[in-house]
There are 2 protein chains.
Amino acid sequence: MRSVLHPDPRTTSTDARTTDEPTFADASRSLLRRTLLEAARDLAADRPWRSVTMAAIASRAGVSRQTVYNEFGSRPQLTEALVMHELEEFLAAIEGAIRSRADDPAAALTAALGVFLQAAAEDALVAAVIREDGRDDLLPLVTSEGRPLLEFGGARLASIMRETWPVLPGPEAAFLAGTVMRLGLSYVVLPVPDDERDATASGVAELVRPYVAMLLERHGA
Amino acid sequence: MRSVLHPDPRTTSTDARTTDEPTFADASRSLLRRTLLEAARDLAADRPWRSVTMAAIASRAGVSRQTVYNEFGSRPQLTEALVMHELEEFLAAIEGAIRSRADDPAAALTAALGVFLQAAAEDALVAAVIREDGRDDLLPLVTSEGRPLLEFGGARLASIMRETWPVLPGPEAAFLAGTVMRLGLSYVVLPVPDDERDATASGVAELVRPYVAMLLERHGA
DNA sequence: ATGTTCTGTCCAAGCACTTGACATCCAGTG
DNA sequence: CACTGGATGTCAAGTGCTTGGACAGAACAT
């Protein structure tokens, strides 16, 4: 049975700061970023993004305004980081759903899409993106300016799939991941009603199922 | 259903650093403590505690030795904090076990004791405590110098029990918690063989079951 | 007795966060 | 249209924590 308390100490070296786990300084830095981005997201839940000031974000995170600028440089950069951060949380949820059904690709895809659609429906930031009419510089980031999002998410999705089903050939996995990412972004911008979520999830899964089956079969699964 | 991604933003205030969630500075501080204590625990898993130097702890955590002294003051204080920290992790595991069986006090106690005994059997720091002959200043902290441990743990255990079973009268809950803590510490110092763990857990649970039943019955459960 | 190692403390330099100020830009208003 | 208020972005001085080096003293091993 897995250890009840702490997983495992990993290394046995006397001390030696190898390129091992993140040092405290790194952890503290990423903690600062996370704190700030979560503050920004929470504030965006209520009011329009445009009205969320840098000062408010700093104050909510308990740091000075200058620190926010030190960390992100400018408001547009913070905005982009915010969207990226949200994407990463979505990807983490999706990864969990996929890994939990590794034995059945179709079920895994259904679960992943279901999780994604529900998360998107609940997410405060996603709500802000589609709530705010045109010129609230949030929408472009997931559409016309969304290439970084698409490529980063596609790459991670592809690597998740390739880790879960190693026989999947690289190019096809990448293409499938990219396609799914595009679909996902589409459903962010144009959601389906709540009562159609499950049907949508299984529908898309059904759609790609034969393709995946063909790939798995053709490549020695 | 609970939100898939982030639980809830809590406040709605524009900004205002209320005594709300921990500010970044606080979080960073506690992160530093945790990092250092985990480094210490991991190092103690291999070698005797006496041979774990302050320098090694600092190096493993990726900070300077001075920072360790700034945070804990001295080696004895760090040692005490280490033991306290470990206690808190045990308590967290126990709390989970109890809350998962809130409807059946006897089963809850059995589960809690089982989790505790297994965790104690696996724990690297507990192993260090009993491995090291007398004068490795670790043992006193859970015996002769163990009163802080006993009182802190007892208080938390009592509050867990009172939260789970509100009808439990305060004094009796405190007494029961204190007794269980003493028993727990005893099993840390003098463990039972692996194959007797379950029997021990249910045995103790059986022992206190009538007492608890009487309390619950007498006070309107 | 001597050399080694660790503890605990001190200090100078570096770095990050804070604070307050300032120029600039933009929106709303008289 | 000029003006005021609020927000962004930048800057400089001040503070506090971390760092790395150094050192005395205690404990231990040879």
Side-chain angles (χ1 to χ4, degrees), chain A residues 13-17 22-37 39-40 43-44 46-82 132-138 141, chain B residues 13-17 22-37 39-40 43-44 46-82 132-138 141:
Chain A
S13 63
T14 305
D15 43 19
R17 187 94 294 279
T23 167
F24 164 73
D26 299 337
S28 184
R29 202 151 222 78
S30 99
L31 172 65
L32 175 58
R33 281 185 79 85
R34 230 178 316 139
T35 305
L36 286 170
L37 292 177
L43 290 172
D46 298 336
R47 40 198 135 272
W49 175 240
R50 279 298 296 270
S51 76
V52 175
T53 73
M54 302 293 266
I57 296 170
S59 168
R60 169 133 189 167
V63 302
S64 79
R65 199 165 60 92
Q66 181 63 36
T67 299
V68 181
Y69 281 96
N70 288 347
E71 189 59 35
F72 293 102
S74 70
R75 183 170 223 278
Q77 287 174 285
L78 183 149
T79 307
E80 186 184 335
L82 175 59
E132 323 199 342
D133 12 1
R135 81 170 198 291
D136 205 351
D137 45 16
L138 220 42
L141 283 177
Chain B
S13 62
T14 305
D15 43 19
R17 188 93 290 282
T23 167
F24 164 72
D26 300 337
S28 183
R29 200 146 227 80
S30 101
L31 172 65
L32 175 58
R33 282 185 79 85
R34 231 178 316 139
T35 304
L36 286 170
L37 292 177
L43 290 172
D46 299 336
R47 40 199 136 273
W49 174 241
R50 280 298 297 271
S51 76
V52 176
T53 72
M54 302 293 266
I57 296 170
S59 168
R60 169 135 192 164
V63 302
S64 79
R65 200 163 61 91
Q66 181 64 37
T67 298
V68 181
Y69 280 96
N70 288 348
E71 188 59 35
F72 293 102
S74 69
R75 182 169 225 278
Q77 286 174 285
L78 183 148
T79 307
E80 187 184 333
L82 175 59
E132 322 199 341
D133 13 1
R135 79 171 201 290
D136 205 351
D137 44 16
L138 220 42
L141 283 177

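In the text below, chain A, chain B and the rest are named by the order of the sequence lines, each starting its count at 1.
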(Q) How many whole angstroms separate atom CZ of A/Arg33 from atom C1' of C/dC17? (A) 17 Å
Q. With sequence neighbours excluded, what pairs up with B/Ser64 under the side chain to side chain contact (heavy atoms under 4.5 Å, CB included) test?
A. B/Gln66, B/Thr67
Q | Per B/Thr53 side chain, nearest of listed nucleotides C/dG8, D/dT8, C/dT7 | A | C/dT7
(Q) In this structure, how many angstroms lie between the C1' atom of D/dG6 and the CZ atom of A/Arg75, rounded? (A) 13 Å
Q.
According to side chain to side chain contact (heavy atoms under 4.5 Å, CB included), who are the partners of B/Thr79, at least two apart in sequence or on a separate chain?
A. B/Trp49, B/Arg75, B/Leu138, B/Leu141
Q: Check whether any side-chain heavy atom of A/Arg33 sits under 4.5 Å from a side-chain heavy atom of A/Phe72, and report yes or no.
A: yes
Q. OP1, OP2 of C/dA16 versus side-chain N and O of A/Thr67: anything below 4.0 Å?
A. no
(Q) Could you work out, with side-chain hydrogen bond (donor to acceptor under 3.5 Å, both in side chains) as the rule, every residue matching B/Arg34, not counting sequence neighbours? (A) B/Ser30
Q) Which one, C/dT7, D/dG9, D/dT18, comes nearest to the side chain of B/Asn70? A) D/dT18
Q. Could you state the CZ-C1' distance from A/Arg50 to C/dC25, rounded to the nearest angstrom?
A. 12 Å
**Q.** Sequence-distant partners of A/Thr53, side chain to side chain contact (heavy atoms under 4.5 Å, CB included), two or more places apart
**A.** A/Ala55, A/Ala56
Q.
According to side chain to side chain contact (heavy atoms under 4.5 Å, CB included), who are the partners of B/Arg29, at least two apart in sequence or on a separate chain?
A. B/Glu71
Q) At under 4.0 Å between heavy atoms, what does A/Leu32 touch on the DNA or RNA strands: base, sugar-phosphate, or nothing? A) sugar-phosphate
Q | Closest nucleotide among C/dC17, D/dG9, D/dT18 to the A/Arg29 side chain | A | C/dC17
All N/O contacts under 3.5 Å from nucleotides 20-26 of chain D to the protein, with atom names and distances to one decimal?
from, atom 1, to, atom 2, distance (Å)
D/dA22, N6, B/Arg65, NH2, 3.3

